[in-house]
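Below: the structure, in structure tokens.
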Amino acid sequence: MAHGSIGAMVTLTRKSAAASIDKDLGAKLKAFRLAAGLTQSELGELLDISHTQVMKYELGKNRLAVSTLIQFCGVLKLDLSAFLGDYLARR
């Protein structure tokens with residue numbers, strides 16, 4: 001039974017790490033959106049998604065797919081490293 005508990009802790013840790021990354025990417029998205037002078041609605045319209053979806057990405061409630069992240073980069077005129085550079089440098 002102890003072995004199962006360790007597995008559960010590892011899963012919890014992985015989920016916590018993923019949630020932390022989701023929140024970090026969301027905060028960056030919000031900062032880049034604001035720097036571009038766009039509202040959530042305006043950014044959503046440019047990508048054909050709702051302002052609610054943009055809000056969920058910014059809050060880290062919904063995980064950003066790489067394809068969506070690339071679309072945000074195109075609209076915001078950013079390189080993907082603006083979002084992921086901190087994570088790539090850790091290797």
Side-chain angles (χ1 to χ4, degrees):
M1 211 188 263
H3 187 276
S5 298
I6 292 172
M9 288 185 348
V10 169
T11 301
L12 179 61
T13 302
R14 286 184 187 152
K15 286 181 182 177
S16 297
S20 176
I21 292 169
D22 293 340
K23 286 182 181 184
D24 179 53
L25 292 177
K28 288 179 181 182
L29 175 60
K30 182 176 182 176
F32 295 140
R33 174 182 60 78
L34 292 173
L38 296 171
T39 66
Q40 290 175 337
S41 294
E42 291 168 336
L43 181 57
E45 285 177 25
L46 292 170
L47 294 172
D48 198 28
I49 60 176
S50 70
H51 74 278
T52 304
Q53 185 61 42
V54 173
M55 178 189 67
K56 288 179 180 182
Y57 287 140
E58 289 183 352
L59 293 173
K61 292 185 182 277
N62 285 8
R63 183 159 295 152
L64 277 162
V66 172
S67 58
T68 305
L69 193 56
I70 290 169
Q71 289 178 317
F72 278 125
C73 286
V75 168
L76 296 169
K77 297 179 175 49
L78 297 168
D79 188 84
L80 198 53
S81 65
F83 284 96
L84 302 177
D86 295 341
Y87 298 101
L88 299 175
R90 292 180 187 172
R91 297 187 111 215

Hey, what do you get for [atom1] ([X]) to [atom2] ([Y]), rounding to the nearest 0.5 Å?
X: Leu64; Y: Gln71; atom1: CG; atom2: CD; result: 10.5 Å
X: Leu69; Y: Arg63; atom1: CG; atom2: CZ; result: 13.0 Å
X: Leu34; Y: Gln40; atom1: CG; atom2: CD; result: 8.5 Å
X: Ile21; Y: Ser16; atom1: CD1; atom2: OG; result: 11.0 Å
X: His51; Y: Lys56; atom1: NE2; atom2: NZ; result: 10.5 Å

Co-membership, hydrophobic cluster, residues Leu80 and Phe32, 4.5 Å side-chain: yes
| Do the side chains of Leu46 and Ile70 join up, straight or via other hydrophobic residues, at under 4.5 Å, putting them in one cluster? | yes
I need the minimum non-hydrogen distance between [X] and [Y], along with the two atoms involved.
X: Arg33; Y: Leu76; answer: CA-CD2, 4.2 Å
X: Phe72; Y: Leu43; answer: CE2-CD2, 3.5 Å
X: Lys28; Y: Ala82; answer: CD-O, 4.0 Å
X: Asn62; Y: Tyr57; answer: O-CD2, 3.5 Å

Q) Mind checking whether Leu47 and Val54 have side chains closer than 4.5 Å, heavy atoms only? A) no
| request: Report yes if the side chains of Glu45 and Glu42 come closer than 4.5 Å at any heavy-atom pair, otherwise no. | output: no
Members sharing Leu59's hydrophobic cluster, built from side-chain contacts under 4.5 Å between Ile, Leu, Val, Met, Phe, Trp and Tyr, are Met55
